[in-house]
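Single-structure report; data block below.
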Amino acid sequence: MTTHPDATKAPELACDIFCAVVDNFGDIGVCWRLARQLRAEHGWRVRLFVDDLKAFHTLCPEVDTSLARQEAHGIEIEHWREPHHAGETLAIADVVIEAFACELPHAYIAAMARRDPRPVWINLEYLSGEDWVADFHMRPSPHPRYPLEKSFFFPGLGAGTGGVLKERDLDTRRERFDVSAWWRERVGIERPDDGRTVVSLFAYENPAVDALLAQWRDCDAPITLLVPEGRISGALARFFGLPAFAAGASARAGALEAHALGFVEQPRFDELLWAADINFVRGEDSFVRAQWAQKPVVWHIYPQADDAHVPKLDAALDHYTRTLDAPARGAVTRFWHAWNGAGAPDWTDFWAHRQALTARAVRWSEELADVGDLASNLAAHVAARMAR
Ligand code: TRH
């Protein structure tokens, strides 16, 4: 992605994105994807403040964790040393995005209030498919002390929300994907024949995984499992009786054959999803990517205190299963619930609906695309606020 066709139509906007990494890769994963897309497709000049360069380096190996300031993929990157640090020079952009309610430095907010014209200030929220999201999306909130207004931008799965990120060339890249070459390069084997079901497994530690691995082992139809190295790897190692299940490892038990993969830079993550017949994903960004992959999905949602994640899981299920018949819908719901701690997973019950789920995955990605992609929705919101 190097072209930015809109750049000729509009002046180049400067945008600062602030990202505090809570844990794992989702916070920086979303911000990094958004930054690249705003640069490549909308021609914005983006500066990304990130407080955890180590997590960032995992997604983008070019990022040097020792540098205070650097550039990668056309994005200026600053190591954000919270809470007071506001960049090597205090320059306020036209558009300021605070991701996931991270707190902007006071000096930066004060300088935003002094700037003429004042910047468009946006809080980018976490994704939720719940209905209330459309009511709160883009709601303004005046600052209690300064003459500044912040709007709340809500990603979502339904009409009237901010949608989710999708690059313009994503479908074309998926259609041109050379799956056989991928298997040779990434897994070191030929692509399995159609008789095997290929499952990708990206998940947190999960008490349901032992039961599922045993079901796959004892299955009539063979399973090839692809597991990116990470939080679930320990469970795989224990199941196969190995000391570890690190990148490059393979193991077999009954009908199950498993391969551990190294973590790849973010733009290549989609390939894993395209190579599999069904994708187990987690958090936020990988869940979104799996929906664009047009393959059946099982979501391990990020668990929150007091089960606050449960309504989000059910709201996503409502969207995702909307047009399925009752038996298929029931099987998906039971399986997602079991994978998220409620009940026991039943692979045979779930995968009996493979055909319907595969067809639905294609249809659902088309429905989701109707919401519009998040970066374009955000750029339109900024343009409207600037025109006020
Ligand atoms: O890593 P996650 O669990 O991230 C989060 C955070 O925990 C965050 O605090 C929480 O609020 C949020 O989830 C909901 O899951 P996620 O969002 O899927 O991010 C993983 C990223 O890692 C995603 O951008 C894809 C990327 N990735 C790669 O780039 N290469 C890989 O090989 C793999 C397996 C993933």
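All heavy atoms count here, side chains included; hydrogens, waters and symmetry mates do not. We count ligands from 1, going down the list as the structure has it; atoms in each ligand are counted the same way.
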Determine, step by step, whether Phe56 and Phe25 satisfy the ring-ring contact (aromatic ring centres under 6.0 Å, His included) criterion, reporting the C-alpha distance in whole Å, the side-chain angles of both residues, the deciding distance to 0.1 Å, and the verdict.
CA-CA 8 Å; Phe56 198 174; Phe25 305 108; over 10 Å; no
Protein heavy atom at shortest distance from [atom]:
atom: atom 35 (C) of ligand 1; answer: Phe263 CZ, 3.3 Å
atom: atom 2 (P) of ligand 1; answer: Arg282 NE, 3.5 Å
atom: atom 9 (O) of ligand 1; answer: Asp23 OD1, 2.6 Å
atom: atom 29 (O) of ligand 1; answer: Gln266 CA, 3.1 Å
atom: atom 24 (O) of ligand 1; answer: Asp285 OD2, 2.6 Å
atom: atom 32 (O) of ligand 1; answer: Val264 N, 2.9 Å
atom: atom 11 (O) of ligand 1; answer: Tyr126 CE2, 3.2 Å

Less than 4.5 Å apart, any side-chain heavy atom of Leu157 and any of Trp364?
yes
For [X], is at least one N or O under 3.5 Å away from an N or O on ligand 1?
X: Phe269; answer: no
X: Glu265; answer: no
X: Gly26; answer: yes
X: Arg33; answer: no
X: Leu59; answer: no

Would you call the rings of His381 and Phe153 parallel, tilted or perpendicular, taking 30° and 60° as the class edges?
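Answer is tilted, since the angle falls between 30° and 60°.
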Could you check whether the rings of Trp216 and Phe280 sit parallel, tilted or perpendicular, using 30° and 60° as the cut-offs?
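Because their plane-to-plane angle is over 60°, the rings of Trp216 and Phe280 count as perpendicular.
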Give the atom numbers and elements of ligand 1 that come within less than 4.0 Å of a heavy atom of [X].
X: Asp27; result: 8 (C), 9 (O)
X: Gly29; result: 24 (O)
X: Glu284; result: 13 (O), 14 (C), 16 (P), 17 (O), 18 (O)

Among Arg289, Gln291, Glu284, which residue satisfies the side-chain contact (heavy atoms from CB on, under 4.5 Å) criterion with Phe287?
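Between Phe287 and the candidates, side-chain contact (heavy atoms from CB on, under 4.5 Å) is satisfied uniquely by Gln291.
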Determine, using the 4.5 Å side-chain heavy-atom cutoff (strictly less than), whether Val133 and Val164 are members of one ILVMFWY cluster.
no
Counting heavy atoms only, which part of Tyr204 comes closer than 4.0 Å to ligand 1: side chain, backbone, both or neither?
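For Tyr204, the contact with ligand 1 is made by the side chain alone.
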Have a look at ligand 1 and work out which part of Phe25, if any, has a heavy atom under 4.0 Å from it: side chain, backbone, both or neither.
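Both backbone and side chain.
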Minimum non-hydrogen distance to atom 18 (O) of ligand 1, winning option of Ala290, Gly283, Ser286:
Ser286
Option with minimal heavy-atom separation from atom 34 (C) of ligand 1, where the choices are Gly262, Pro228, Pro267
Pro228
In terms of side-chain geometry, is the basic nitrogen of Arg354 or Asp277 positioned less than 4.0 Å from the acidic oxygen of its partner?
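Counted as a salt bridge, because a side-chain N and a carboxylate O are separated by less than 4.0 Å.
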Near-ring test Trp351/Phe335, centroid separation under 6.0 angstrom
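That pair fails the under 6.0 Å test.
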Compute the ring centroids of Trp336 and His300, then answer whether they are less than 6.0 Å apart.
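No; His300 has its ring centre 6.0 Å or more from that of Trp336.
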Do [X] and [Y] get their side chains close enough for a donor-acceptor pair, meaning under 3.5 Å?
X: Thr323; Y: Arg363; result: no
X: Gln37; Y: Arg168; result: no
X: Glu257; Y: His259; result: yes

Can Trp32 be said to touch ligand 1, with heavy atoms closer than 4.0 Å?
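Contact absent.
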